[in-house]
Amino acid sequence: MAAPQLEWDADAYQRASVLAGVPALLAEFGVPAERALDGLPLDPSVFAEPDRYLPFAWATRILGNCAEASRRPHFGLLLGARASALNLGAPGRWLADAPDLLTAITGFQSLQPTNSRGAAVYLRRAGEDYILGYGVYDRTAAAVEQAYAYTLALAFNIVRELTGEAARPSEVMFSFRRPADASHYAALFGAPVRFDQFESGLVLPAAALKAPIPGSKVANFDFWRAKALEIAPRSETPWTAEVRHALRPLLLGGAISAPAAAALLSIDARTLSRRLAAEGTSFRRTLDDVRHAFARELLAITDLEIADIALALAYATHGAFDVAFRRWSGVSPSAWRGANRAGAATARQSSRAGP
């Protein structure tokens with residue numbers, strides 16, 4: 001049988017280790033592991049191959065399939081609640097050897113692309129606090145609500161485990177609309193949970209980042225970094241991939257410019273421009289791609305006002321966003337939202353939530 005035709009981004013991938021718990025959790029709901037792979041050219045052996053890399057869009061589709069087959073719209077949350085740093089492979093082991101939480105998070109940011117591209121882990125200042133966030137930028141990814149729920153549950157576990165419960169979030173935010181039953185989220189995090197936000201992340205007090213990591217072994221840093229880099233996929237357009245990965249958090253901070261992106265990548269803007277040109281693209285084109293993905297996400301899975309979405313995407317006016325979105329999609333943001341929200345509603349009606 002021919003493999004189904006699937007849309008996916010060749011530079012967006014996910015290490016399969018994060019999906020290792022799928023068969024066991026599905027079994028609890030009487031669902032065979034094969035159902036997780038509906039529509040994908042994969043077999044259940046993928047769940048036993050932690051170092052295998054999948055297209056990021058396939059990984060999110062697996063989570064969506066699981067939520068539908070199990071009739072648990074919070075499946076991603078349940079799976080993430082059972083995961084730990086070990087599901088991140090070498091980068092996860094590196095986390096445990098950092099001296100404090102801040103070093104662990106900032107170091108993991110640099111190693112995350114060895115595990116995954118398609119979404120970015122980031123840490124940004126927000127007033128007196130910090131947001132440990134996760135933002136998808138792969139436009140081909142589906143069921144991103146499941147990816148956000150999984151990742152924040154996993155991040156919550158890691159923060160607590162690393163610090164011996166010394167650090168906990170004061171608030172949790174999700175960039176999707178409030179589910180019909182949000183009790184599972186409140187029960188897991190034990191902190192206020194807000195939906196329909198611009199970003200998904202754990203809000204951490206500044207003091208929490210200073211929490212030491214008991215038993216850390218800084219001497220192991222180089223070893224685990226080398227192990228992570230050994231198996232990481234190589235991109236044919238590495239600078240484009242780097243810029244895309246950096247842009248999602250930059251958009252949220254409002255500092256959206258080629259010099260800002262170049263500074264984050266430790267090169268000057270002219271050098272970055274030359275390297276992107278050599279890969280057949282430009283900063284502006286790459287920014288458009290990330291903005292388009294971010295816009296479609298917020299339009300499809302939140303009830304945020306379109307003017308507020310324009311602001312989140314760092315557009316000066318609603319009108320400028322409208323012009324850009326029409327150029328990307330051929331229709332206005334409101335028309336695109338209406339069509340895609342209707343599709344989402346139909347999908348939700350076909351699957352009732354279970355306990």
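Along the sequence shown, the residues carry numbers beginning at 1. On a predicted model such as this, the values are computed, not experimentally measured, just so you know.
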Are the side chains of [Y] and [X] in contact, using a 4.5 Å heavy-atom criterion?
X      : Y      : result
Tyr13  : Tyr53  : yes
Leu123 : Leu102 : yes
Leu19  : Ile62  : yes
Lys210 : Leu101 : no
Asp100 : Leu209 : no
Cys66  : Leu26  : yes
Thr106 : Gln109 : yes
Phe321 : Leu311 : no

For [X] and [Y], which I'm curious about, is there any donor-acceptor pair between the side chains at under 3.5 Å?
X      : Y      : answer
Ser200 : Ser175 : yes
Arg337 : Asn340 : no
Ser17  : Asn87  : no

Enclosure of [X] [atom1] (heavy-atom neighbours >12, cutoff 6.0 Å):
X      : atom1 : value
Glu305 : CD    : no
Glu236 : CD    : no
Arg284 : CZ    : no
Arg270 : CZ    : no
Arg93  : CZ    : no

What's the verdict on side chain to side chain contact (heavy atoms under 4.5 Å, CB included) for Ser116 and Phe56, showing C-alpha distance, side-chain angles and the deciding distance?
-> CA-CA 8 Å; Ser116 171; Phe56 185 83; 3.9 Å; yes

Is the cationic atom of Arg248 (NZ for Lys, CZ for Arg) positioned less than 6.0 Å from the six-membered ring centroid of Tyr122 and within 45 degrees of its normal?
-> no

Looking at [atom1] of [X] and [atom2] of [Y], how far apart are the two atoms once the value is rounded to the nearest 0.5 Å?
X      : Y      : atom1 : atom2 : result
Ile131 : Arg125 : CD1   : CZ    : 11.5 Å
Ile105 : Ser110 : CD1   : OG    : 12.5 Å
Leu304 : Gln197 : CG    : CD    : 7.5 Å
Phe189 : Leu202 : CZ    : CG    : 6.5 Å
Ser216 : Leu162 : OG    : CG    : 10.0 Å
Tyr150 : Leu78  : OH    : CG    : 12.5 Å

Would you call [X] and [Y] a salt bridge, using N to O less than 4.0 angstrom?
X      : Y      : answer
Arg124 : Glu199 : yes
Arg327 : Asp288 : yes
Asp289 : Arg244 : yes
Arg117 : Glu242 : yes
Arg71  : Glu68  : no
Arg225 : Asp222 : no
Arg177 : Asp196 : no
Asp51  : Arg15  : yes
Glu28  : Arg82  : yes

Of Asn65, Leu63, Thr151, the residue whose pairing with Gln146 passes side-chain contact (heavy atoms from CB on, under 4.5 Å) = Leu63

What residue among Leu287, Leu313, Val290 forms side-chain contact (heavy atoms from CB on, under 4.5 Å) with Ile256?
-> Leu287

Answer with yes or no whether the hydrophobic clustering places [X] together with [Y]; edges join I, L, V, M, F, W, Y residues whose side-chain heavy atoms lie under 4.5 Å apart.
X      : Y      : answer
Val243 : Leu251 : yes
Val18  : Leu188 : yes
Phe198 : Val144 : no

Would you please indicate if the ring centroids of Phe174 and Tyr185 are separated by under 6.0 Å?
-> yes

Ring-ring centroid check Phe294 Tyr137, cutoff 6.0 Å | no

For the side chain of Ser282 and the backbone of Arg285, is there at least one donor-acceptor N/O pair under 3.5 Å apart?
-> yes

Aromatic ring pairing Phe325/Trp328, orientation class (parallel under 30°, perpendicular over 60°, tilted between) = perpendicular

Geometric class of the Phe176/Tyr148 ring pair [parallel <30°, tilted 30-60°, perpendicular >60°] | parallel

Check the pair Trp94 / Asn220 against side chain to side chain contact (heavy atoms under 4.5 Å, CB included), numbers first and verdict last.
-> CA-CA 7 Å; Trp94 188 94; Asn220 289 346; over 6 Å; no

